[in-house]
Amino acid sequence: MAKFLTNREENYSQWYNDLVIKADLAENSAVRGCMVIKPYGYAIWEKIQAGLDKLFKETGHVNAYFPLFIPKSFFSKEASHVEGFAKECAVVTHYRLKNDGKGGVIVDPAAKLEEELIVRPTSETIIWNTYKNWIHSYRDLPILINQWANVVRWEMRTRLFLRTAEFLWQEGHTAHATREEAIEETQKMINVYASFAENSMALPVIKGFKSENERFAGALETLAIEALMQDGKALQTGTSHFLGQNFAKAFDVQFTDNTGKLDYVWATSWGVSTRLMGALIMAHSDNNGLVLPPKLAPIQVVIIPIYKKTEQLSEISAIASKIKTDLEAKGITVKYDDRDNNKPGWKFADYELKGVPARIAIGPRDVENKTVEIARRDTLEKQVISVDKIADYIPALLGDIQKNIYSKALNFRKENTFHVDKWDDFTRILDETGGFIMAHWDGTRETEEKIKEETKATIRCIPFDAPEEKGKCILTGKPSNKRVLFARSY
RNA sequence: CGGGGUGUAGCGCAGCCCGGUUAGCGCAUCUGGUUUGGGACCAGAGGGUCGCAGGUUCGAAUCCUGCCACCCCGACCA
């Protein structure tokens, strides 16, 4: 396990500062709890966006954009929604500053807003307020819209990537004529997230239902994917909510069905955020820095020349640019780093820190032998192969790295998933190793809260694929018919 | 909001306890040269409201008071 994780008392924030920031991903901003995402980090986000967007389109969704500001009154329309978000809202009260006569500025008291505006913490309210005007008949349904946006949640405590005050995300908001169709959409989208996590991020996830305690404010059912990080903590990496008719009723969105009957519209919403980048970092990194799955790496292959004289460099460059062209023809992103200001060793270390999956080094020895040295980031293994085999070798290597990173993470999860029947084991495992704990639960809110109080562990989800099994609740001993997933989480 | 910590060059830090030359070190930057198969070396150069405000003192980065910001832990939470 990575050095930065071996001491469980240490947390990831320190590592972010020491390592990730050097890898040019992000830094804290002057604004409380916000982050500056640097170009290299943003390039990873763009890959995530592109991958998800493709899946959304394939499942029939379109993109749109709604306002950043939400009138305060919208929030009071759905009772549990306001209760969930009221504590963490940024509020706009004025629209103008003025000179204070001392060289500074003050908020102009004359420019007070009639009704305060809330900076969106999520967009259900403003979107359903809009949908009201778009939906009259069953012919207007379904509406399958996604929005890429930033949202603000004024959390008491923030953590880089995992819980920032402002974060980037996508939120899908769909409207349907029937309950069944909405439920199907909710399930479809959690599957989209799971397949993206597993196929693109190389991150194994567990799909399941949230318990009542952990449910989204305003939802009838919340589905989630949960991943295990290398320090033994769980991270919720995506959610999909079945909202029933709650928002349609709150915003009075009714439609005429094909029998002429008036009914409220059924809704879903679903989202993932820049937290995915936190998941990527924490699931795969090692002591040398990031380990990016090839499918999300902004640079998939870096070519580094090793040379003494300029004549050597021009020879090497000729070979390198041929390799670059050949690989790019196969859709691979290649960077040839012939900068003269750093030595090869420095570059090796730097691209490892950045998580570039494969590195090709070409030196005089290689020129002579018509070979190159290839190093893979996931295992740090190096091997020398003949130049003319590269165009076939690299695509296969990238595929192999993608698979290997996934199976490494999956093995880690298997080794750190425990089936537990005794309370003593439950608390001991949480304290000693962390990880996922599959245990029986009596299904009550009270029991979950009590367990949280005593151990800080919560029910991450009730897995879809949990087999029927007679058992007794880990805390109360009351009967239970399946195990649920417990963990301490971010 | 409670507890702890930190603020000194672009970055990372020492100096503060015990006030006293011109505030130092590493990395980075710039110049010249030698180097280049795992984070090079030599010589030189530039770069500072010591977080802010006030106080004590002949003299404050150092002591005192107030304020601000950031980080960590907790409460809270997608």
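To find a chain, count down the sequence lines: A is the first, B the second, and so on, and within it residues start at 1.
Rounded to whole Å, the distance from CZ on A/R460 to C1' on B/C77 is 11 Å. In this structure, the CD1 atom of A/I316 is 13 Å from the P atom of B/U36, given to the nearest Å. Remark: C1' of B/A40 and CG of A/N341 are 13 Å apart, rounded to the nearest angstrom. Remark: P of B/G37 and CG of A/D366 are 13 Å apart, rounded to the nearest angstrom. B/G38 atom P lies 16 Å from atom CD1 of A/I362, rounded to whole Å. Rounded to an integer number of Å, the gap from A/E368 CD to B/G37 P is 18 Å. Protein atom CG of A/L160 is 22 Å distant from nucleotide atom P of B/C77, rounded to whole Å. B/G37 atom P lies 19 Å from atom CD1 of A/I303, rounded to whole Å.
Nucleic acid contact for A/E214: none, since no nucleic acid atom lies under 4.0 Å from a heavy atom of the residue. A/R359 comes within 4.0 angstrom of a nucleotide base, judged by non-hydrogen atoms across all strands. Base engagement by A/P364 is indicated by at least one non-hydrogen atom pair under 4.0 Å involving a base atom. Among the protein residues, A/E352 comes within range of the nucleic acid bases, having at least one heavy atom under 4.0 Å from a base atom. Across all strands, A/K309 comes closer than 4.0 Å to no nucleic acid atom at all (heavy-atom distances). At the heavy-atom level, A/K87 lies under 4.0 Å from the strands shown only through sugar-phosphate atoms. Using a 4.0 Å heavy-atom cutoff across all strands shown, A/F216 reaches no nucleic acid atom at all. Counting any heavy atom pair closer than 4.0 Å across all strands shown, A/N342 reaches no nucleic acid atom. Using a 4.0 Å heavy-atom distance criterion, A/S273 is classed as a base contact.
Residue A/K452 places its side chain closer to B/C77 than to any other of B/U36, B/G37, B/C77. Distances from the side chain of A/W346 to the nucleotides B/U36, B/G39, B/G38 place B/G39 closest. Comparing B/C76, B/U36, B/G38 against the side chain of A/E155 picks out B/C76 as the nearest. The side chain of A/E88 sits closest to B/C77 out of B/U36, B/G37, B/C77. Candidate nucleotides B/G74, B/G38, B/G37 were compared by shortest atom distance to the side chain of A/K456, and B/G74 ranks first. The side chain of A/M156 lies closest to B/A75, out of B/A75, B/G37, B/G38.
Distance check on atom C1': B/A28 versus B/A40 gives 15 Å, rounded to whole Å. Rounded to whole Å, the separation between the C1' atoms of B/U8 and B/G47 comes to 14 Å. A gap of 15 Å separates the C1' atoms of B/C71 and B/G51, to the nearest Å. Distance check on atom P: B/G10 versus B/U49 gives 7 Å, rounded to whole Å. Distance check on atom C1': B/C63 versus B/C17 gives 11 Å, rounded to whole Å. Using P as the reference atom, B/G3 and B/U56 are 31 Å apart when rounded to the nearest Å. Here the separation of B/G48 from B/G15, taken at their C1' atoms, is 15 Å to the nearest Å. Comparing the same atom, C1', in B/G12 and in B/C70 gives a spacing of 16 Å after rounding to whole Å.
Ring to ring, A/F247 and A/Y131 are not that close: their centroids are 6.0 angstrom or more apart. Ring pair A/W128/A/H81: centre-to-centre distance not below 6.0 Å. Ring centroids of A/F167 and A/F161 are separated by 6.0 Å or more, keeping the two rings apart.
Shown here is A/K389, whose NZ atom has no more than 12 heavy atoms of other residues, nucleotides or ligands within 6.0 Å. Heavy-atom neighbours of A/K72 NZ from other residues, nucleotides or ligands within 6.0 Å: at or below the threshold of 12.
Ionic pairing of A/K322 and A/D388 is not present here: no N-O contact between side-chain nitrogen and carboxylate oxygen is shorter than 4.0 angstrom.
In this structure, A/A297 and A/K47 approach most closely via the heavy-atom pair O-CE, 3.6 Å. A/G84 and A/A217 make their closest contact through CA-CB, 3.7 Å (heavy atoms, listed as atom of the first residue, atom of the second, distance).
With hydrogens and angles ignored, a donor-acceptor pair closer than 3.5 Å exists between the side chain of A/K382 and the base of B/G38.
A/K347 has no side-chain polar atom (N or O) that falls below the 4.0 Å cut-off from OP1 or OP2 of B/U36.
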Enumerate donor-acceptor pairs with a distance under 3.5 Å from any side-chain N or O in residues 48-55 of chain A to protein atoms, sequence neighbours excluded.
| unit_1 | atom_1 | unit_2 | atom_2 | d |
| --- | --- | --- | --- | --- |
| A/D53 | OD1 | A/N63 | ND2 | 3.1 |
| A/D53 | OD1 | A/W148 | NE1 | 2.8 |
| A/D53 | OD2 | A/K57 | NZ | 2.8 |
| A/D53 | OD2 | A/N63 | ND2 | 3.4 |
| A/K54 | NZ | A/E58 | OE2 | 3.3 |

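A cation-pi arrangement is absent between A/K207 and A/F464 under the rule of less than 6.0 angstrom and at most 45 degrees off the ring axis.
For RNA chain B, the stems formed by at least three consecutive Watson-Crick or G-U pairs, with both atom-pair distances below 3.5 Å, span B:1-7 with B:68-74, B:10-13 with B:24-27, B:29-34 with B:40-45, B:51-55 with B:63-67.
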